[in-house]
2 protein chains.
Amino acid sequence: MAATLKDVAIRAGVSRSAVSRTFTDGASVSPKMRKKVKKAAEELGYRPNALASSLTTGRTKMIGLISNNFHNPIFLTVFDRFTRALQERGLRPLLVNLSDETDPQSSVQMMRQYSVDGVIVASSTLSPDFSKAFRDWGMPVVHTFGRHATNPHVHVVGIDNVECGRMAARALVARGHKHVAFLGGPEKATSTQDRYQGFMTEMAMHPKVKTTYSFANQYSFEAGRAEMQRLLRSDTAEAYFCGDDVLSIGVLSAIQDAGLNVPNDIGLIGLNDMEMAGWANIDLTTIRQPIGQIINSSVELIAAMLDDPERYPEARLFPCDVVERGTLRPALTD
Amino acid sequence: MAATLKDVAIRAGVSRSAVSRTFTDGASVSPKMRKKVKKAAEELGYRPNALASSLTTGRTKMIGLISNNFHNPIFLTVFDRFTRALQERGLRPLLVNLSDETDPQSSVQMMRQYSVDGVIVASSTLSPDFSKAFRDWGMPVVHTFGRHATNPHVHVVGIDNVECGRMAARALVARGHKHVAFLGGPEKATSTQDRYQGFMTEMAMHPKVKTTYSFANQYSFEAGRAEMQRLLRSDTAEAYFCGDDVLSIGVLSAIQDAGLNVPNDIGLIGLNDMEMAGWANIDLTTIRQPIGQIINSSVELIAAMLDDPERYPEARLFPCDVVERGTLRPALTD
DNA sequence: AAATTTTTTGCAACCGGTTGCAAAAAATCT
DNA sequence: AGATTTTTTGCAACCGGTTGCAAAAAATTT
């Protein structure tokens, strides 16, 4: 059976308090005592129980890592990055899949049960009600990929999706396209709405360019492909801004199946620059969302909130860049 | 501040014991008392602290979910399935990324610190020393995608990789190929070794067919692509069994870049049947590893071990099936 | 060496729960 | 109605840690 602090105290012939102080950062203990305790602890294979100590300290060092997105390939990178960044700080992610959840309160109650020190909501499609509910319960919370304007009292880390929509529009205009279109993800998602808004706003400054739009029903290959197949039968633009890379890949697939050439017949620009976008044969021109920075910043923010729970809510938006690959033709030289 | 059991007891005018019994399954409490306590608890927004109760019960209901694989797209599905299956049983996954870890003992100590009820090691490439170390510490452990023969004292759930190698070989022979090859993942990974063994053993029964092999340095698109580019410059077989789907997609990409046709010039069969294998333009013939069943079974096994830690170690191997798509030509009719 | 200051140590209470057991209350049997 | 059995309840100790505080020990100053 696992050794406890009491066992170590008995073996070292000291008080339990001495043992505790030996393993508590910043506590006062003499070098001689420390050595004696460490020796006994080692002999017994003792390891402090983080959960027992959390009762007194109020800290578990666990962070709820919440997502409803387990199908978009970029989220594998997201989880990789989050786990690494949290682990580096001695924080532990309690992973929660909210793909089938509709009630914010039940999520809050579960997090409270496990006394997580904070919560990271990693989703652009989960209702803002979720991060708001955590905050309302007084939990430190960061909404990664969320939208600041909808939830000004919650810390948000991500990109300016409106600006990305603008960037995409500008990229298509620069290619001299006369008919461009937005092909978005789920219409209700804040990311879709912002990207659409940015795109349409920028295109409004180019009245000579025909602009249309439509939505896929989710951020997936199949949804992108199906929507493009529909468009190819009705109203085909010269170039498309697809709401994200996995949509773009589905769109690319449908275009190729129709015997058309990308970028010569139809141009494409995606968003995210997930690993697959750079794969040969895909070679997607896209707008790079700096996932690494977004995640490191999210973790930095949650860690800061552990020390300062009243920290004033902030939005950290990272700039995006167009990554030129093979799905858009060269820009016109002015 | 969060209400505690003591607050509820005061408010309901009963003992703390009565409150505890009200929230403890199977404990004796009268309907009248239960109602009174529930009312007070509701008014205070009380929720039992799972970690405090774990000190007495010895159960946190947390399960360590350990992986070192955050780059192979199939693992997004793996995490989706694991989180759902665990959550359905009221278990909570503490996610651990061991991509950069080499010391099993430090992982064990971390898991002990959090008093997880059990550990699921989800990896085909992590050394068996890890799952063995957990077991040696008396923790319930299931190694998903592990190899039984290497670790007979640990519960293993997965597929018979040797048999999959055989199946792949048979599929290529049935196409009448005169030169076939195995293109595997990391040579040291047990999954690679077993798939190779099965493939070569089956091919040994067909001495008239030339058989060669090589290894990519990881299970990734780039690694598969690079190795195929190398092979196209030296020793090209008619058909390949690629160690998994993501390798296959990289291989497919290199073949297409060389202006060759799949399946007419070169045939391919992968392993896993991850979502992307069925994408149009990939349309990969592959061997389906039943991920859903493997994961449900792993979770079922870990749950069973919580009640019976001395449960005799077992290996649960699931059958695989060839999924015919477009990367292998039709079989010869005998 | 004595006085003063600083550091270290153990005691005991605390954190938020659970549970064995004896006493009290309720239910059932005669 | 009394006796017996069953259920319910509160007490108090426990789970494995932390920490305020007073006393003791060590270090420093005079």
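What you see is a predicted model, and the numbers here were worked out from it, not measured in a lab. To find a chain, count down the sequence lines: A is the first, B the second, and so on, and within it residues start at 1.
- Side chains of A:N49 and A:S53 form no contact here, defined as non-hydrogen atoms less than 4.5 Å apart.
- Panel note: side chain B:D117, backbone B:I63; no donor-acceptor pair is recorded below 3.5 Å.
- Nucleotides of DNA chain D with any atom under 4.0 Å from a heavy atom of chain A span, from 5' to 3', D:dG16 to D:dT19.
- Contacts of A:D308 classified as salt bridge (charged side-chain N to carboxylate O under 4.0 Å, His left out), with partners at least two apart in sequence or in another chain: none.
- For B:Q218, the side chain to side chain contact (heavy atoms under 4.5 Å, CB included) partners are B:S220, B:A223, not counting sequence neighbours.
- One finds the CD1 atom of B:I159 at 8.5 Å from the OG atom of B:S191 (value rounded to the nearest 0.5 Å).
- In summary, the side chains of B:N68 and B:T125 do present a donor paired with an acceptor at a separation below 3.5 Å, with no hydrogens or angles considered.
- By the salt bridge (charged side-chain N to carboxylate O under 4.0 Å, His left out) test, B:D80 is found to be paired with B:R84, residues two or more places apart in sequence or in another chain being considered.
- With hydrogens and angles disregarded, no donor-acceptor distance shorter than 3.5 Å links the side chain of A:S20 to the backbone of A:S17.
- Listed by chain and residue number, B:H148 satisfy the side chain to side chain contact (heavy atoms under 4.5 Å, CB included) test with B:A315 (two or more places apart in sequence, or in another chain).
- A:F75 and A:F145 have their aromatic ring centers within a separation under 6.0 angstrom.
- As judged by a 4.0 angstrom heavy-atom cut-off over every strand, A:S20 is placed among the base-contacting residues.
- For the contact set between residues 22-32 of chain B and DNA chain D, defined by any heavy atom under 4.0 Å, the members are B:S28, B:V29, B:S30.
- Near DNA chain C, meaning a heavy atom under 4.0 Å away, the residues from residues 42-62 of chain A are A:L55, A:T56.
- Every residue was checked against the side chain to side chain contact (heavy atoms under 4.5 Å, CB included) condition with B:K35, not counting sequence neighbours, and none meets it.
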| message | Could you walk me through whether A:K38 and A:E43 satisfy the salt bridge (Lys or Arg N to Asp or Glu O under 4.0 Å) test, starting with their C-alpha distance in whole Å, then the side-chain angles of each, then the deciding distance to 0.1 Å, before giving a yes or no? | response | CA-CA 9 Å; A:K38 286 283 185 83; A:E43 289 165 354; over 6 Å; no

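- An end-to-end axis angle of 30° holds for the helix from C:dA1-D:dT30 to C:dT30-D:dA1, taken from five base pairs per end and rounded to 10°.
- At least one donor-acceptor pair under 3.5 Å links the side chain of B:T60 to the backbone N or O of B:S115.
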Can you give the donor-acceptor pairs under 3.5 Å from side chains of residues 133-140 of chain B to other protein atoms, not counting sequence neighbours?
unit_1, atom_1, unit_2, atom_2, d
B:R135, NE, B:H153, O, 2.9
B:D136, OD2, B:K132, NZ, 3.3
B:W137, NE1, B:Q105, OE1, 3.1

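- The salt bridge (charged side-chain N to carboxylate O under 4.0 Å, His left out) test applied to A:E88 returns no partner, not counting sequence neighbours.
- Within residues 6-15 of chain A, no residue places a heavy atom under 4.0 Å from DNA chain D.
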